[in-house]
Amino acid sequence: MIATGVSRGLGAARARVLLDRGLTVLGVGRAAAPGLEGDRFRFAPCDLREVAGIDDALAPAFGALAGQALKWVCLVNNAAPTEPFGITSRHDGATVMRSLAVNLGAPVALSALFLRAFPDASIERTIVNISSGAARSAVAGAGLYSEAKAGLEMLTRVLAVESGGPTFRAVSLRPGVIDTDMQARAREQTEEVLPSVAMFRRFHADRRLVAPEVAAEKIVDKVILGKLRNGATYAWPDLDKPLPET
């Protein structure tokens, strides 16, 4: 499996589950979580904010995997900072570009590189785009995140129509509200910066946040290793049933 965002939270927990299952994991990003190590864990450093440099930074690592006798390979586009928070009028052009680069530009570039590196239709190939309920419901003060997640779900649908066939599938996953640093940072915001901050505080107060380790086990079994419908979107906790198409 190739995965971005393995430095903490759900991404790190999911990588640990896969390693425990005996799979090889290639982590991509600026850092990997402590404890992600061993013969089956590899790390390819890459600053996903620099979308134009992704091919040069990662093509060797992708190529090394492609040179092995693989039966299955999966890309998980997981890295997605919610920050910067703030209503639209607070963001300048540079802020917009930095946010969309990681949350949308990098997944598109990584998916393109993945398809070029693994063109063999005899290999089972999967792309999982980690989305959010924010792709469907606008979140005041987290607009850049919401907009990117909506675009990410469209990427899934584009990949499905362009790369159909029995051995390829692309899916979007809305993993629910996970107890991560992302949620903690959202709760710390003022209402001026994040008008929807009360929603994030309710998630915590009502104990609706799911531990990353709990979510990771189910996501690995039902999504990453599951046989899902190409182009579909799945949402926690009912990962057996795709959401209705809109």
Side-chain angles (χ1 to χ4, degrees), residues 1-33 35-81 101-131 152 155-156 158-160 162-163 167-173 175 212 216 219-228 230:
M1 186 192 79
I2 305 166
T4 64
V6 296
S7 63
R8 58 185 179 273
L10 180 60
R14 189 173 50 241
R16 291 189 182 99
V17 170
L18 287 160
L19 290 170
D20 288 344
R21 303 281 178 89
L23 279 78
T24 295
V25 176
L26 172 64
V28 172
R30 289 184 291 171
L36 289 179
E37 54 190 21
D39 293 341
R40 287 180 288 100
F41 180 74
R42 302 160 191 177
F43 184 72
C46 180
D47 188 342
L48 298 177
R49 296 171 299 182
E50 302 296 334
V51 178
I54 285 176
D55 287 355
D56 288 343
L58 298 179
F62 278 47
L65 279 181
Q68 300 178 13
L70 301 176
K71 295 182 179 179
W72 171 84
V73 63
C74 176
L75 167 67
V76 181
N77 284 311
N78 178 78
V102 178
N103 288 345
L104 184 56
V108 175
L110 285 161
S111 298
L113 179 59
F114 178 86
L115 291 171
R116 292 194 300 272
F118 303 99
D120 187 352
S122 68
I123 300 172
E124 292 279 346
R125 296 157 298 154
T126 303
I127 295 177
V128 179
N129 290 319
I130 304 300
S131 184
L152 194 64
L155 170 63
T156 295
V158 169
L159 291 170
E162 289 183 345
S163 304
T167 62
F168 176 83
R169 61 181 55 86
V171 297
S172 295
L173 169 65
I219 289 169
V220 166
D221 288 336
K222 298 291 187 179
V223 179
I224 293 176
L225 301 180
K227 300 296 185 183
L228 305 183
N230 194 18

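- Here CG of L75 is found 5.5 Å from OG of S111. Values are rounded to the nearest 0.5 Å.
- Considering all non-hydrogen atoms of both residues, A101 and V51 come closest at O-CG2, 3.6 Å.
- Judged as a side chain to side chain donor-acceptor pair (under 3.5 Å), the pairs with a partner in residues 53-69 (not counting sequence neighbours) are, in order, D55-R116.
- Between A170 and L159 the shortest heavy-atom distance is CB-CB, 3.9 Å.
- Closest non-hydrogen pair, A59 versus L113, comes out as N-CD2, 4.0 Å.
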**Item:** Test side chain to side chain contact (heavy atoms under 4.5 Å, CB included) applied to N77 and I127, step by step
**Value:** CA-CA 8 Å; N77 284 311; I127 295 177; 4.1 Å; yes
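- Inter-residue side-chain proximity for L10 and P175 is flagged as met; some heavy-atom pair is nearer than 4.5 Å.
- Between the side chain of N78 and the backbone N or O of G5 there is at least one donor-acceptor pair closer than 3.5 Å.
- Note that the CD1 atom of I130 and the OG atom of S172 stand 9.0 Å from one another [nearest 0.5 Å].
- To the nearest 0.5 angstrom, R14 atom CZ is 5.0 Å from I224 atom CD1.
- Taking every heavy atom of both residues into account, I54 and L110 meet most closely at CG2-CD2, 4.0 Å.
- L26 CG to M1 CE: the interatomic distance, rounded to the nearest 0.5 Å, is 9.0 Å.
- S7 places no side-chain N or O within 3.5 Å of a backbone atom of A33 that could act as its donor or acceptor partner.
- Expressed to the nearest 0.5 Å, how far CG of L65 lies from CZ of F114 amounts to 9.5 Å.
- Contact annotation: the side chain of C74 approaches that of V128 to within less than 4.5 Å [non-hydrogen atoms, C-beta and beyond].
- A distance-only check finds a donor-acceptor pair linking the side chain of R40 to the backbone of L23 [under 3.5 Å].
- Across T167 and A121, no two heavy atoms sit closer than the pair OG1-O, 2.6 Å.
- Pairs of residues two or more places apart, or lying in two chains, never qualify as ring pair (Phe, Tyr, Trp, His ring centres under 6.0 Å) while including a residue from residues 4-28.
- If you take OG1 on T126 and NZ on K227, they are separated by 7.0 Å, rounding to the nearest 0.5 Å.
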**Message:** Under the criterion side chain to side chain contact (heavy atoms under 4.5 Å, CB included), I'd like the reasoning laid out for L58 against I2: C-alpha separation, chi angles, the key distance, then a yes or no.
**Reply:** CA-CA 11 Å; L58 298 179; I2 305 166; over 6 Å; no
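- Under a 3.5 Å cut-off, the side chain of R169 and the backbone N or O of L228 do form a donor-acceptor pair.
- Between F41 and F43, the ring-plane angle classifies as parallel under the 30° and 60° cut-offs.
- Using the six-membered ring where Trp is involved, F62 and F118 have ring planes that are tilted, between 30° and 60° apart.
- Side-chain atoms of S122 and D120 include a donor-acceptor pair closer than 3.5 Å.
- With 3.5 Å as the limit, one finds a donor-acceptor pair spanning the side chains of T156 and N129.
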**Request:** Test V76 against T4 for side chain to side chain contact (heavy atoms under 4.5 Å, CB included), laying out the working first.
**Result:** CA-CA 7 Å; V76 181; T4 64; over 6 Å; no
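- Sorted by first then second residue, the side chain to side chain donor-acceptor pair (under 3.5 Å) pairs that include residues 19-32, not counting sequence neighbours, are R21-E217, R21-D221.
- Between N103 and A80, the shortest heavy-atom distance links the atoms OD1-CA, 2.9 Å.
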